[in-house]
There are 2 protein chains.
Amino acid sequence: MRAGERLETLLWKRSDGGGWSLPGGFVRPHETLDDAMARHLREKVGVERVGHIEQLSTASRPDSHPDLWLVDVAHIALLASDTDPRLPPDTDWHPIDDLPDVAFGHRAVIEQARDRLRGKLSYSNIAFALAPETFTLRELAALYSAVLGHPVDPTNLGRVLERDEVLEATGDRRPAGESGGRPAAVYRFRERDYAITRPYAAFRPPSRAS
Amino acid sequence: MRAGERLETLLWKRSDGGGWSLPGGFVRPHETLDDAMARHLREKVGVERVGHIEQLSTASRPDSHPDLWLVDVAHIALLASDTDPRLPPDTDWHPIDDLPDVAFGHRAVIEQARDRLRGKLSYSNIAFALAPETFTLRELAALYSAVLGHPVDPTNLGRVLERDEVLEATGDRRPAGESGGRPAAVYRFRERDYAITRPYAAFRPPSRAS
DNA sequence: TCAAAAGTGTTTATAATACACCCATGG
DNA sequence: CCATGGGTGTATTATAAACACTTTTGA
């Protein structure tokens, strides 16, 4: 998945006329799941750096083929918005809230991935995987807005993420555009590994010793 | 897992002297993963009703056996604290914060499961899977406390969960014990299916139309 | 000097926690 | 009538969202 103007997912147009489906592939002997995922992303869409990847769900398909016992392991891969994968033919990005005709089962997987991402955006630093290396608060707010589906205020977003020690200012400023305006401060994520930055939505530990 | 005085997990003592490990088993042909999990819980520990079960992680093990390609799918199963599984020999409950010598890899899985459960406790109704059908607020607070590892106030817990429409009063009262005291109101969970009851830790949608 | 964009300071709203006090029961 | 546990009401605190206003730039 990728967050441009909207949250998008990569889909592959099936040649058998069965509509679109999630891209996938097989695991080779002596290969781990993570290695296989990295290989598919590299070989099929030319993506070397994946922001974040995690497992979603696993399904066993013992009856799909007379001689094989297939096991599907769905993953979410998050790509930075400034990476530009080279798309093979029959593969394209689709806005996640306006999907085309998707093969049975995959729609539910995509929606599960979207909901998980939306949730994690509010209690973790997961956005590092979707953002470029450095960015202004306006750009980051646009990214949050694309994922969450509602407007996000850049100022308040920055204050929340700075308090949680998720962001830090680089000290640089982005020069103003042609239409003028004050130059924007440039930020980066302190950590680029997934971390829960807000453990308690409620039921936090007592503040004083009892 | 189960929450009594502490959060506990079921472990199986390996006969090969390799310490303790998570209970597991194989999936049969023409059987789904969910069916296999239900069967193992039924056959091995006599548990018919599982509060909640979800997948944790999947690992491929192509090299563990010359002729087989094994795929491990770890699950979290949550049992109500009033169910009493019949334990086979060499199987026993262990407090999750005081584990014995656990086979390599399984410790990380158990800790991942614990952390996930702690997180979900604060933004979902997941506690229904650990609680008996009905309970007092004191009992529920003890359960939360066992999982979270810090004291939880019964009154405030009830207020939060009632506002989120997670709990409802049955109307019954639990008679006082031998040492007296006011009878406690009895509650139940409104829904016994997993639901996110608190979607936003931060970055909630604007309150007014822009 | 005006428009545009960024940033600061502050107010407001909300909601969880903390705490003081009252209620119902058994012995 | 007192100890015990449950419950109510409210004060406190924390913090996210909203908003008014200032700063910095380009034309």
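Lettering of chains follows the sequences in order, A, B, ..., and the numbering in each one begins at 1.
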Engineer: Where each residue is assigned the nucleotide of DNA chain C containing its nearest heavy atom, which of R204(B) and P205(A) is assigned the position nearer the 5′ end?
Structural biologist: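 Here R204(B) is the residue nearer the 5' end.
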Engineer: Hey, can you tell me if Y194(A) and H52(A) have their rings parallel, tilted or perpendicular (30° and 60° cut-offs)?
Structural biologist: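 Correct class here is tilted.
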Engineer: Closer than 4.0 angstrom, basic N to acidic O: yes or no for D35(A) and R28(A)?
Structural biologist: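 Here D35(A) does not pair with R28(A) in a salt bridge, since their nearest N and O are not under 4.0 Å apart.
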Engineer: Over all strands shown, is R174(B) touching base, sugar-phosphate only, or nothing at heavy-atom distances under 4.0 angstrom?
Structural biologist: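 The answer is nothing, as R174(B) stays clear of every strand by at least 4.0 Å.
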Engineer: Side-chain N or O of S207(B) less than 4.0 angstrom from OP1 or OP2 on dA18(D)?
Structural biologist: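 So the side chain of S207(B) is within the cut-off, an N or O lying under 4.0 Å from OP1 or OP2 of dA18(D).
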Engineer: Does R138(A) put a side-chain nitrogen or oxygen below 4.0 Å from OP1 or OP2 of dA6(C)?
Structural biologist: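 For dA6(C), OP1 or OP2 has a side-chain N or O of R138(A) closer than 4.0 Å.
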Engineer: Please give, in whole Å, the distance from dA16(C) C1' to H150(B) NE2?
Structural biologist: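 Those two atoms, NE2 and C1', are 13 Å apart.
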Engineer: So if I take every side-chain heavy atom of P183(A) and compare against dA5(C), dT25(D), dA16(D), which nucleotide ends up nearest?
Structural biologist: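 Closest of the options to the side chain of P183(A): dT25(D).
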Engineer: Without decimals, in angstroms, what is the distance between R182(A) CZ and dT24(D) P?
Structural biologist: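 The distance from CZ of R182(A) to P of dT24(D) comes to 6 Å, rounded to the nearest Å.
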Engineer: Taking side chain as C-beta onward, heavy atoms only, is T91(A) less than 4.5 Å from P23(A)?
Structural biologist: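 Sidechains of P23(A) and T91(A): no contact.
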Engineer: Just to confirm, is there a sub-4.0 Å distance from OP1 or OP2 of dA14(D) to any side-chain nitrogen or oxygen of R198(A)?
Structural biologist: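 It does not, given that no N or O in the side chain of R198(A) lies less than 4.0 Å from OP1 or OP2 of dA14(D).
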Engineer: Check the distance between dA6(C)'s P and F135(A)'s CZ and give it to me in whole angstrom.
Structural biologist: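 So the CZ-P distance, F135(A) to dA6(C), works out to 14 Å.
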Engineer: Using a distance-only criterion (donor-acceptor N/O pair, under 3.5 Å, no hydrogens), is the base of dA18(D) paired with the side chain of N156(A)?
Structural biologist: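 Side chain to base: pair found, below 3.5 Å.
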Engineer: Distance check needed: dG7(C) P versus L157(A) CG, whole Å only.
Structural biologist: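 Taking atom P of dG7(C) as the reference, CG of L157(A) is at 12 Å.
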Engineer: Under 4.0 Å between any heavy atoms, over every strand shown, what does G158(A) touch: base, sugar-phosphate, or nothing? Just pick one.
Structural biologist: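 No contact.
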Engineer: Would the base of dG6(D) count as contacting R173(B) through its side chain, where contact means a donor and an acceptor less than 3.5 Å apart?
Structural biologist: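 By the distance-only test, no, there is no pair.
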Engineer: Pick base, sugar-phosphate or nothing for R163(A), based on heavy-atom distances below 4.0 Å to the nucleic acid.
Structural biologist: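 Sugar-phosphate: the residue R163(A), judged by heavy atoms under 4.0 Å, touches backbone atoms but no base.
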Engineer: Could you pick out which residue, F203(A) or V186(A), lies toward the 5' side of DNA chain C when each is mapped onto its nearest nucleotide?
Structural biologist: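 Its nearest nucleotide lies further toward 5', so the answer is V186(A).
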Engineer: Find which nucleotide of DNA chain D each of T155(A) and A176(A) is nearest to by heavy atoms, and output the residue with the more 5' nucleotide.
Structural biologist: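 This one resolves to T155(A).
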Engineer: In this structure, how many angstroms lie between the C1' atom of dG7(C) and the CD atom of E162(A), rounded?
Structural biologist: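 It works out to 11 Å between those atoms.
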Engineer: Among dA16(D), dG27(C), dT17(C), which is the nearest nucleotide to the side chain of E178(B)?
Structural biologist: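 The answer is dG27(C), which lies nearest to the side chain.
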Engineer: Give the minimum heavy-atom separation between L130(B) and R2(B), together with the two atoms involved.
Structural biologist: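 The answer is CD2-CA, 4.2 Å.
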Engineer: Just so I know, are the side chains of L7(A) and L117(A) near enough to count as touching, which here means a heavy-atom distance under 4.5 Å?
Structural biologist: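 Yes, close enough: below the 4.5 Å cut-off.
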Engineer: Please report, rounded to the nearest Å, how far the P atom of dG7(C) is from the CG atom of L167(A).
Structural biologist: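 Going from L167(A) (CG) to dG7(C) (P), I get 12 Å.
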Engineer: With nearest nucleotides of DNA chain D determined for L137(B) and D164(A) from heavy-atom distances, which residue corresponds to the more 5′ nucleotide?
Structural biologist: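 Looking at the nearest nucleotide for each, L137(B) comes out on the 5' side.
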Engineer: Considering just the side-chain nitrogens and oxygens of S179(A), establish if one lies under 4.0 Å of OP1 or OP2 belonging to dA27(D).
Structural biologist: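 It does not, given that no N or O in the side chain of S179(A) lies less than 4.0 Å from OP1 or OP2 of dA27(D).
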Engineer: Expressed in angstrom and rounded to an integer, what is the separation of Y200(A) atom OH from dA14(D) atom C1'?
Structural biologist: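 To the nearest whole Å, that distance equals 16 Å.
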Engineer: Whole Å only: how far is the CG atom of D172(A) from the P atom of dA6(C)?
Structural biologist: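 Taking atom P of dA6(C) as the reference, CG of D172(A) is at 16 Å.
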Engineer: Under 3.5 Å, side chain of K44(B) to main-chain N/O of G24(B), donor-acceptor pair present?
Structural biologist: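 Judged by distance alone, yes, a pair lies under 3.5 Å.
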Engineer: Using a 4.0 Å heavy-atom cut-off, does R159(A) contact any base of the nucleic acid, only the sugar-phosphate backbone, or nothing at all?
Structural biologist: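 Touches a base.
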